[in-house]
*Asks:* 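Mind having a look at this structure? Questions to follow.
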Amino acid sequence: MSQSSEGAVRTLYRPSLALATDLYELTMAYAYWRTGLHDRDAVFHLTFRENPFQGGFSIACGLHAVIDYLRSYHFADEDLAYLAALQGPDGCPLFCGEFLQYLKAMTFACDVDAIAEGTIVFPHEPLVRVKGPLLQAQLLETVLLNLVNFQTLIATKAARVVLAAQGEPVVEFGMRRAQGLDGALSASRAAYVGGCVGTSNVLAGQLCGIPVKGTHAHSWVMCFDTELEAFQAYAEAMPNNVVFLVDTYDTLDGVRHAVQVGKWLRQHGHRLLGIRLDSGDLAQLSIEARRILDAAGFTDTPIFASNDLDEHLIADLKRQGATISIWGVGTRLATAYDQPALGGVYKLSSLRTADGRWHDRIKLSEGSAKSSMPGILQVRRFCQQGRPVTDVIYDDESPIPADCTVVDPAAPERRHQVPSDTVGEDLLVPVFRRGECVYDVPPLDDCRRRAHQQLAEFHAGIKRLTGPDRYLAGFEAGLYQRKSDMTIQVRGSRE
């Protein structure tokens with residue numbers, strides 16, 4: 001019986017993970033407490049600036065791990081004992097005892113809104129919004145980025161690989177090359193959300209309920225005097241799970257040996273479930289292997305391929321006429337080989353000051369791309385005839401105008417009027433209210449289906465592997481003007 005995926009974090013690790021953070025989050029929290037700012041309400045947003053892999057979309061992922069983490073968020077005695085032992089450069093304690101007692105008594109009290117896993121998302125859109133006491137919201141920065149950045153990256157990579165496979169199944173094979181046990185587990189889960197049909201990672205199968213796949217490696221064949229003997233022994237040991245790896249010595253001879261044992265399987269009421277190619281010219285070898293299989297009457301036996309595959313190599317193999325029908329993708333998927341980080345950020349955008357009112361906050365930079373957006377943000381997706389046409393990022397505290405104008409963040413001179421006949425849906429939904437989870441966490445399979453359905457709804461142009469179209473996801477014109485005005489005001493005050 002598989003466990004629910006939202007329990008994976010606490011199952012793998014100790015109950016308290018409050019110290020899964022950067023030190024500067026705690027030093028800022030201490031300074032907030034010392035200056036009396038700690039209980040001021042604040043709003044932070046988790047966003048990213050560019051789609052990964054030079055692609056046209058991303059897939060939100062990691063929310064279930066966030067929920068699991070926040071449900072048990074607290075500072076345990078051993079956490080506080082460790083913090084009490086930390087010293088500054090002067091040899092004095094870094095944190096005073098009263099502050100540590102404050103952390104011990106602290107109860108998580110933030111509101112958290114997030115975009116559901118499996119949702120197609122775009123740059124600048126808030127994937128997570130945290131509203132609550134400044135100290136608590138600040139402490140969540142590092143862990144939220146850790147949990148959401150990586151899984152969003154891998155889910156997006158998996159979706160690209162699955163698109164390249166054009167409906168043929170993709171299995172995630174990356175555990176042995178992943179960044180640690182936790183990286184492997186997160187990658188397997190996110191790859192499943194992105195569209196993979198299974199994983200080689202048995203722990204992910206146990207904790208997340210993902211189908212597990214696999215048969216044997218080259219070492220099995222090398223333990224016998226001949227390849228034929230090895231295949232026969234494996235078929236006798238596991239007749240209901242036979243996919244032969246045929247390239248230990250000579251690939252096409254390996255296919256012929258698989259055929260011989262496949263006939264034995266048929267005679268005993270079983271079937272050859274496939275052969276796997278893991279080296280060489282996969283296009284040409286698959287074509288020759290297909291001829292051998294078909295000539296022997298194994299027309300329904302699929303050819304499985306692995307060997308450092310990614311979306312670009314799969315697309316190229318298909319252009320060459322490869323007869324591969326199942327794809328095992330490992331290193332380049334589980335490690336996001338060509339772009340190992342999403343680059344998500346977590347920025348303060350509004351602060352409730354002593355007068356009780358919300359005041360916008362903005363981070364400026366020498367490069368405009370790194371400046372933040374003020375306000376309490378929400379994302380509304382507008383559709384026509386069931387197809388998304390534009391996303392609008394707006395201030396949740398202000399009603400969105402009926403004649404909404406969207407500003408393209410990449411080219412602010414470009415303005416787009418949202419058609420009056422479009423239907424809008426807000427993407428950020430309540431997840432926690434005053435520290436209590438109010439979200440009905442869907443099964444992992446539902447998140448996977450959501451990603452598949454959403455990809456089908458979007459225009460094909462954004463799904464191209466190279467040179468994709470840009471989907472218009474921009475800022476409501478009034479909000480963008482507020483940012484511009486604030487930028488001028490803040491820069492002017494510094495002169």
Side-chain angles (χ1 to χ4, degrees), residues 165-177 188 196-202 204-205 210-309 313-314 317-318 320-331 333:
Q166 299 178 21
E168 294 164 349
V170 176
V171 181
E172 179 270 314
F173 266 13
M175 182 175 184
R176 63 186 59 193
R177 304 280 174 77
S188 297
C196 290
V197 301
T199 179
S200 64
N201 184 343
V202 181
I210 303 171
V212 291
K213 309 287 184 181
T215 55
H216 72 78
H218 296 109
S219 55
W220 172 266
V221 177
M222 295 161 65
C223 286
F224 294 82
D225 291 336
T226 68
E227 184 176 63
L228 183 59
E229 182 185 355
F231 286 179
Q232 182 64 42
Y234 192 85
E236 292 175 5
M238 296 198 72
N240 63 344
N241 187 45
V242 179
V243 177
F244 289 131
L245 178 59
V246 296
D247 70 340
T248 304
Y249 304 120
D250 179 279
T251 300
L252 296 183
D253 278 348
V255 179
R256 296 183 185 99
H257 293 151
V259 164
Q260 287 182 252
V261 179
K263 291 177 179 178
W264 178 88
L265 284 166
R266 280 181 174 174
Q267 292 169 0
H268 290 79
H270 300 287
R271 57 189 290 261
L272 177 60
L273 298 180
I275 64 167
R276 178 161 72 96
L277 306 175
D278 191 51
S279 61
D281 184 339
L282 295 180
Q284 189 59 37
L285 287 172
S286 71
I287 292 169
E288 294 299 324
R290 183 77 271 156
R291 288 174 181 163
I292 294 170
L293 291 168
D294 290 351
F298 289 88
T299 56
D300 62 343
T301 298
I303 297 174
F304 195 118
S306 49
N307 188 28
D308 286 337
L309 298 174
L313 185 51
I314 290 173
L317 287 167
K318 294 184 79 66
Q320 295 179 59
T323 59
I324 298 161
S325 50
I326 305 175
W327 305 87
V329 185
T331 302
L333 171 54

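In this text the structure is predicted, and so the values were computed from the model without any measurement. Computation of the quantities below employed the complete heavy-atom set of this structure, encompassing side-chain atoms and omitting hydrogens, waters and symmetry-equivalent molecules.
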*Asks:* What's the shortest heavy-atom distance between A305 and L282, and which atoms?
*Replies:* CB-CD1, 4.4 Å
*Asks:* Between D253 and R256, does any NZ, NE, NH1 or NH2 come within less than 4.0 Å of an OD or OE carboxylate oxygen?
*Replies:* yes
*Asks:* Which label fits F304 and F173: parallel for a plane angle under 30°, tilted from 30 to 60°, or perpendicular past 60°?
*Replies:* parallel
*Asks:* Do V246 and R276 come close enough that some side-chain heavy atom pair is under 4.5 Å?
*Replies:* no
*Asks:* Among V329, V171, L333, which one satisfies side chain to side chain contact (heavy atoms under 4.5 Å, CB included) with C196?
*Replies:* L333
*Asks:* With distance as the sole test, does W220 use its side chain to make a donor-acceptor pair with the main-chain N or O of A230 at under 3.5 Å?
*Replies:* yes
*Asks:* Drop me the distance from I303's CD1 to S286's OG, to the nearest 0.5 angstrom.
*Replies:* 5.5 Å
*Asks:* If you measure from NE2 on H270 to CG on N240, what distance do you get to the nearest 0.5 Å?
*Replies:* 7.0 Å
*Asks:* Between atom CD1 of I324 and atom CG of L285, what is the distance when rounded to the nearest 0.5 Å?
*Replies:* 9.0 Å
*Asks:* For V170 versus A165, what's the shortest heavy-atom pair and its separation?
*Replies:* CG2-CB, 3.7 Å
*Asks:* So, do H216 and V221 sit near enough that their side-chain heavy atoms are less than 4.5 Å apart?
*Replies:* yes
*Asks:* Calculate, to the nearest 0.5 Å, the distance between atoms OG and CD1 belonging to S306 and I326 respectively.
*Replies:* 11.5 Å
*Asks:* Write down the atom of S188, the atom of T199, and the distance for their closest heavy-atom approach.
*Replies:* OG-OG1, 3.3 Å
*Asks:* Using the six-membered ring of F298, assess whether NZ or CZ of R290 lies under 6.0 Å from its centre and within 45 degrees of the ring axis.
*Replies:* no
*Asks:* How about S325 and E168: does a side-chain donor come under 3.5 Å of a side-chain acceptor?
*Replies:* no
*Asks:* What are the two closest heavy atoms between H218 and D278, and how far apart are they?
*Replies:* CE1-OD2, 3.7 Å
*Asks:* Any chance you could lay out the side chain to side chain contact (heavy atoms under 4.5 Å, CB included) test for L265 and Q232, step after step, and finish with the verdict?
*Replies:* CA-CA 9 Å; L265 284 166; Q232 182 64 42; over 6 Å; no
*Asks:* To the nearest 0.5 Å, tell me how far L273 CG sits from F244 CZ.
*Replies:* 9.5 Å
*Asks:* Can you confirm whether R271 is buried at CZ, in the sense that more than 12 heavy atoms of other residues, nucleotides or ligands lie under 6.0 Å from that atom?
*Replies:* yes
*Asks:* Can you confirm whether L277 sits close enough to N307 that some side-chain heavy atom of one is under 4.5 Å from a side-chain heavy atom of the other?
*Replies:* no
*Asks:* Testing the basics here: between N201 and V212, what is the closest heavy-atom pair and its distance to 0.1 Å?
*Replies:* O-CG1, 3.7 Å
*Asks:* Nearest 0.5 Å please: distance from the CG atom of L293 over to the CZ atom of R291.
*Replies:* 12.5 Å
*Asks:* State which residue, out of V259, L245, V261, V242, fulfils the side chain to side chain contact (heavy atoms under 4.5 Å, CB included) condition with F231.
*Replies:* V261
*Asks:* Does Y234 reach the side chain of E229, with side-chain heavy atoms less than 4.5 Å apart?
*Replies:* no
*Asks:* Can a donor-acceptor pair be found between the side chains of S279 and D247 at a distance below 3.5 Å?
*Replies:* yes
*Asks:* What closest approach, in Å, do T301 and G274 show between heavy atoms, and which atom pair accounts for it?
*Replies:* CG2-CA, 3.6 Å
